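In what follows, a structure is listed as structure tokens, so that the remarks can point back to it.
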Amino acid sequence: MQLAERETTSTDPDIMYAREVETMSRSGLAEIQIERLRWSLNRAYENVPFYRQSFDRAGVTPDKLKSLDDLKHFPFTLKNDLRDNYPFGIFATPPSKLSRVHASSGTTGKPTVVGYTTGDLDRWADLMARSMVAGGVRPGDLVHNALGYGLFTGGLGAHYGAERLGCAVIPISGGGTERQVMLLKDFGARILVATPSYALNIAEVAENLGVDLAALPVARGIFGAEPWSEEMRRTLDAKYGMLAVDQYGLSEIMGPGVAAECDVARSGQHVWEDHFLFEVIDPETLEPLPMGESGELVITTLTKEAMPMIRYRTRDITRLNDEPCICGRTHMRIQRITGRDDDMLIVRGVNLYPSQLEAVLVGVEGIAPHYRIRLWREGSMDAVSLEVEIAAGQPDRRADLLAAAERVRHHIKSIIGVTCAVEAKRPGEIPRSEGKAVRVIDQRNKT
Ligand code: DLL
């Protein structure tokens with residue numbers, strides 16, 4: 001099948017989901033925001049001892065908020081604040097009044113726990129439905145949902161959003177990749193929801209099985225939950241004959257559905273400003289940055305009942321863009337998130353995100369877009385090496401692998417400007433992702 005015909009989000013009544021609020025004037029939006037912000041600050045202050053203490057310490061109370069700009073006087077909330085109040089201490093709703101709990105597993109220790117009331121779940125489904133419409137999903141579509149179901153917010157978040165929109169969902173979850181290929185082929189879903197790394201894994205297994213994904217009806221890929229590159233988007237577009245769009249979200253704020261790319265521009269994700277406030281701050285000075293400057297994304301929830309989050313520091317690095325979008329939506333956009341500030345590696349003084357390496361690898365001939373980064377200590381210095389894989393069908397004697405590694409090293413040096421040790425492996429030697437890809441193996445504390 002050809003690349004899906006481009007549908008616009010214009011006049012079809014079935015797809016005008018929340019269109020009014022999404023195309024509202026900035027001043028209209030600000031009116032909604034200030035009213036909701038007051039409500040959210042009050043809810044936090046009155047019901048969550050943690051917020052009462054942190055506001056009191058900063059000498060602010062919700063009634064001090066006269067304009068949206070006054071938000072900057074309120075203290076930040078950090079991931080550690082959630083951990084310190086594990087499991088339910090930061091909730092504004094008693095556990096008996098909750099409708100659902102999710103959790104995101106940290107790399108160490110206890111998970112971060114988040115809770116929802118029935119109203120929260122309802123708004124989440126709405127926002128996910130809006131996000132899907134932006135990405136080109138339409139009522140009646142069959143949605144193959146390969147995001148993990150369980151404590152992870154991805155699977156259920158996308159599930160209820162798609163149902164809300166009037167789609168039928170195939171709740172296959174992650175894993176069982178050959179079966180994923182079979183069902184994509186037999187059921188003919190128009191929409192694939194997954195992490196980009198898992199979508200790539202599915203495509204590889206399909207190739208091995210001799211299934212031509214580009215010939216199937218799948219026309220849109222709704223991808224997110226991990227950093228990926230523009231180059232990976234082009235690869236996925238081509239392998240599936242689809243338009244792949246980027247969606248962003250995080251458990252602490254809600255899950256998926258916080259921001260979504262439109263398939264019209266595919267140039268940054270609209271942030272749903274009627275439910276959240278977005279700021280970008282300098283992570284060093286903690287000062288808000290002017291529009292368009294790159295820094296750490298900070299989010300405040302405006303309508304969350306069970307777990308209001310005030311000025312939550314996401315650690316995600318991006319920039320806001322308030323230029324009008326050709327899709328007609330007035331909500332601002334964030335640019336693709338290249339990584340979290342704690343993912344940033346410093347290789348011989350150069351700041352580097354794993355997704356930048358991905359962007360280079362996708363362009364090197366004979367190299368597959370699978371990679372892993374190893375970090376260890378060499379004396380007092382951090383050392384980094386990159387493991388890549390040669391593409392299937394390439395010659396794979398030792399000399400060939402060395403030559404491939406040298407080609408990759410050269411590309412990285414000339415494009416990113418860092419010298420990085422590279423090891424090329426044979427096809428399949430780097431573990432494949434079934435959800436969020438693990439790109440960095442950090443052995444610095446073990447050596
Ligand atoms: O990953 C929610 C989600 C599910 C978003 C499905 C999109 C699709 P967490 O597990 O709490 O929630 O992880 C949140 O993942 O702070 C980012 O660092 C990263 N992340 C999420 N989406 C993107 C994206 C879900 N599109 C953390 N690009 C966030 C880059 C992303 N990073």
Side-chain angles (χ1 to χ4, degrees), residues 77-79 82-83 101-107 111-116 124 127-128 130-132 134-135 137 143 145-162 173-174 191-199 220-230 232-233 236 244-261 266-272 276 278 283 294 296-299 307 309 312-319 333-344 353-356 358-359 433-440:
T77 307
L78 301 169
K79 197 176 186 87
L82 274 82
R83 293 220 181 96
V101 170
H102 279 282
S104 71
S105 51
T107 37
T112 306
V113 184
V114 299
Y116 306 78
W124 187 14
L127 284 173
M128 227 10 249
R130 274 165 66 173
S131 301
M132 288 192 158
V137 185
V143 175
N145 186 11
L147 289 172
Y149 281 65
L151 286 176
F152 175 50
T153 53
L156 288 175
H159 182 103
Y160 287 110
S173 192
I191 310 296
L192 170 64
V193 186
T195 60
S197 60
Y198 191 46
R220 290 293 186 282
I222 306 288
F223 298 141
E226 62 184 3
W228 53 311
S229 59
E230 224 23 64
M232 180 64 78
R233 183 200 320 256
L236 292 169
V245 295
D246 193 11
Q247 297 206 344
Y248 168 78
L250 63 168
S251 318
E252 296 89 319
I253 296 302
M254 187 174 73
V258 174
E261 231 175 14
R266 292 208 296 172
S267 165
Q269 310 176 47
H270 292 281
V271 291
W272 301 133
F276 312 103
F278 296 84
S294 177
E296 179 179 341
L297 185 65
V298 171
I299 309 180
M307 205 177 113
M309 276 284 116
Y312 183 69
R313 287 187 58 185
T314 64
R315 320 299 302 197
D316 291 321
I317 303 295
T318 184
R319 69 169 72 103
R333 281 173 283 170
I334 47 171
Q335 73 155 33
R336 180 184 285 289
I337 289 171
T338 39
R340 301 166 61 78
D341 71 349
D342 31 16
D343 289 344
M344 194 181 78
Y353 287 103
S355 60
Q356 283 174 278
E358 172 184 297
S433 147
E434 294 187 347
K436 289 181 194 254
V438 179
R439 304 286 193 202
V440 179

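Each ligand, and each atom within it, is numbered from 1 in the order the structure gives. Heavy atoms only: backbone and side chains are in, while hydrogens, waters and symmetry mates are out. Since this is a predicted model, take the numbers as computed values, not measurements.
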Answer with yes or no whether the side chains of Tyr248 and Gln269 bring together a donor and an acceptor at under 3.5 Å. no
Glu226 to ligand 1: N or O pair under 3.5 Å? yes
Measure the acute angle between the ring planes of Trp272 and His270, then classify it against the limits of 30° and 60° as parallel, tilted or perpendicular. parallel
Which residue holds the protein heavy atom closest to atom 16 (O) of ligand 1, what is that atom called, and what is the gap in Å? Asp316 OD2, 2.7 Å
Heavy atoms, side chains only, cut-off 4.5 Å: are Phe276 and Val271 in contact? no
Report yes if some heavy atom in the side chain of Ile317 is under 4.5 Å from a heavy atom in the side chain of Ser294; otherwise report no. yes
From Ser251, Ala259, Ala225, Pro227 - option closest to atom 22 (N) of ligand 1 by heavy atom: Ala225
If you have a sec, work out which protein heavy atom is nearest atom 5 (C) of ligand 1 and how many Å separate them, to one decimal? Gly249 N, 3.5 Å
With a 4.5 Å cut-off on side-chain heavy atoms, are Gln247 and Val193 touching? no
Using heavy atoms and a threshold below 4.0 Å, how should the contact between Thr153 and ligand 1 be classified: side chain, backbone, both, or neither? side chain
What are the atoms of ligand 1, with element, lying closer than 4.0 Å to any heavy atom of Ile337? 30 (C)
Where's the contact between Phe223 and ligand 1, heavy-atom distance under 4.0 Å: side chain, backbone, both or neither? neither
Is any side-chain N of the basic residue among Glu358 and Arg439 closer than 4.0 Å to the acidic one's carboxylate O? yes
With heavy-atom distances below 4.0 Å as the criterion, list the atoms of ligand 1 near Phe152. 1 (O), 4 (C), 10 (O), 25 (C)
Please determine if Gln247 has a nitrogen or oxygen closer than 3.5 Å to a nitrogen or oxygen of ligand 1. yes
Which heavy atom of the protein is the closest neighbour of atom 13 (O) of ligand 1, given with residue, atom name and distance? Lys436 NZ, 2.9 Å
For Ser267, does its backbone N or O pair with a side-chain atom of Arg333 as donor and acceptor, under 3.5 Å? yes
When you measure from the side chain of His102 to the backbone of Leu151, do you find a donor-acceptor pair of N or O atoms at a distance under 3.5 Å? yes
Element-labelled atoms of ligand 1 that are located less than 4.0 Å from some non-hydrogen atom of Pro256: 2 (C), 3 (C), 4 (C), 5 (C), 6 (C), 7 (C), 8 (C)
Test item, Arg336 contacting ligand 1 (heavy atom, 4.0 angstrom): no
So, the side chain of Thr195 versus the backbone of Gly435: is there a donor-acceptor pair under 3.5 Å, distance only? yes
Location of contacts on Asp246 toward ligand 1, heavy atoms closer than 4.0 Å: side chain
So if I count the atoms of ligand 1 from 1 in the order they appear, which ones are less than 4.0 Å from some heavy atom of Arg340? 16 (O), 18 (O), 29 (C)
